[in-house]
Amino acid sequence: MTSPSVIYSIEMGSLVFLFASSLLLMVAATTVSAAIVEHSFNVQNLTVNRLCNRHVITAANGRLPGPSIRAREGDTLIIHVFNKSPYNLTIHWHGIHQMLSAWADGPDMITQCPIRPGNKYTYKFKIIKQEGTFWWHSHTSTLRATLYGAIIIRPRAGSSYPFPKPYREVPILLGEWWNGNVVDMANQALAHGTGPNISDAYTINGWPGDLYPCSQNQMYKLKVKQGKTYLLRITNAAVDNNLFYKIANHKMIVVAVDARYTNPYVTDVLVVASGQTIDVLLTADQPIGSYYMAARAYASAAGLEFDSTTTRGVIVYEGAPSWTSRTPLMPVLPAFNDTPTAHKFSTSLTALVGGPHWEPVPLKVDHKMFVTMGMALDVCPSNTTCQGPPVGAKLSASMNNVSFVPPSSLSLLQAFFFNVRGVYTTDFPVKPPVQFDYTNPSINGDLPLLFAPKGTRITKLKFNSTVEMVMQNTAIIGEENHPMHLHGFDFHVLAQGFGNFNPATDTLKYNLFNPQIRHTIGVPVGGWAVIRFVANNPGVWFMHCHFDGHLPIGLATAFVVENGPTPETTLPPPPVDL
């Protein structure tokens, strides 16, 4: 049977872009043989000059960002990680499903114990029914501030994108920079019970840009040809911030989010939550000259300090006079707290129905969850001085009033596979233990409600069961847009909104036809989001806030997915060097 073609036309000024894909061609191309793509990452100290000072950072292969990985759908990746740094570390391959290769997923003490200094570990996994922009990063402490890089998965040979082939593909990694040792700062914050240190800069492909001191010559530059179209593969690798991104005088066409194709969406501003990726088509259709690209925080938490600086790079047209590079046009970025713009962008995206690797929404739900999430408090240990709000307590975080604690001696996946008892329990609550007015700031006057008990409580799921989760932000300690990332799966985003989720009215808003598909969702500040996914990947899968300052204090949980009925749906044993 021949699959229908998907054709789109978008007018932008005098330009008309035709978006077309032949699914028949893609099906035929699945017979093309796959390759083995092999890399070695040497992780060690690297001295760099940033913001007027020399700094020692942890980096892979002497680069910031680290090396990019390029492969095709169906390829097998083998990455040897040699830890020559002074820190324990793991590497996570963000957005890769790791179908039947959960041992390679990478979160510390979830699927593996850390790679200790002087040791190595080999990650091996196959790219199955996925293509697009992914990224890799350390999943231990705050090392991912400098230990990260791009993963570009192209369609199989003989297949094509569901949009016109771009002239060139350009990875754009948005990062965050601290003038200090990020591991020491994180440990100090945990010890004192305070929030994460505020960063000193944001970066584009490792460079802060000319708005920062001593950075006039440390700015990312992209040279373009007038009339050509470029595919920008944008990743928010920032540790603790969601970001706005704009390019002066240029429109962008969103064609994918989190490596899932979308209906083309024309915009002049992007909102990229921490951990998310967005693919956009950029046509160099302006007069020959120079134009800044810029990014700064979308800071949704009222009254909370944040890095209010701006990073920028520059797009230079071929043939532009040299004087234009000294006076590029600057985009007008949204206000830091422009939630309406952020929400409009995030809710305007829809999936490309019938496109490559598109999956319909599962209609039968087997496991329903209503999960509150946000900040919390923890009791200050005796003989310790804590500086969290209020003074004398430690800042914490929770989901359904459970502040997640990872195991200390054995990973969750090892405990699951070898049936080791006492490492975790499978009694994570399907709803909060106490119902309250979740988004009303007055709840902060109810002191007992603010303290969340710690535990390693997770959810056990039958193979191929469908999960629906309502994620409800709370006003405990303050409201904030939380970027929630699910390992091992993508999910359909059925609806998003503000205030308390109302099942009587908000379920009527579900998009069951073409909702966007993601692995990371920014749950609206003072609001909620509903996701749905099929648990068809046996193993243990982490779900957590992608702000690293929130992760070690408990804003996380995990799912244990049982094996399926056949060898092809059963998790194999761990590699010998685990």
State yes or no: are the ring centers of [X] and [Y] separated by less than 6.0 Å?
X    : Y    : answer
F404 : F428 : no
F125 : W93  : yes
F533 : F559 : yes
H39  : H80  : no
F41  : W136 : yes
W177 : H55  : yes

Show me the donor-acceptor pairs, under 3.5 Å and distance only, between side chains in residues 58-67 and residues at least two apart or in other chains.
residue	atom	partner	partner atom	Å
N61	OD1	N42	N	2.7
N61	ND2	S40	O	3.1

Among T339, D338, N242, N337, which one satisfies side chain to side chain donor-acceptor pair (under 3.5 Å) with Y298?
T339
Over all heavy atoms of both residues, which pair between V182 and A145 is shortest? Give the atoms and the distance, please.
CG1-CB, 4.0 Å
Indicate yes or no: at least one non-hydrogen side-chain atom of Q472 is less than 4.5 angstrom from one of M373.
no
How would you list, by chain and number, every residue that makes a salt bridge (charged side-chain N to carboxylate O under 4.0 Å, His left out) with E479, sequence neighbours excluded?
none
Run the salt bridge (charged side-chain N to carboxylate O under 4.0 Å, His left out) test against D490 and tell me which residues pass, sequence neighbours left out.
R260
Closer than 4.0 angstrom, basic N to acidic O: yes or no for R518 and D258?
yes
Aromatic plane relationship, [Y] with [X] - under 30° parallel, 30 to 60° tilted, over 60° perpendicular:
X    : Y    : value
H92  : H487 : parallel
W135 : H94  : tilted
F498 : H343 : tilted
Y121 : Y123 : perpendicular

Judged by atom type as modelled, is there a donor-acceptor pair below 3.5 Å linking the side chain of N241 to the main-chain atoms of L243?
no
Walk me through whether T203 and T311 qualify under side chain to side chain donor-acceptor pair (under 3.5 Å).
CA-CA 6 Å; T203 59; T311 181; over 6 Å; no
Modelled atom types, side-chain donor and acceptor of T133 and D279, under 3.5 Å
yes
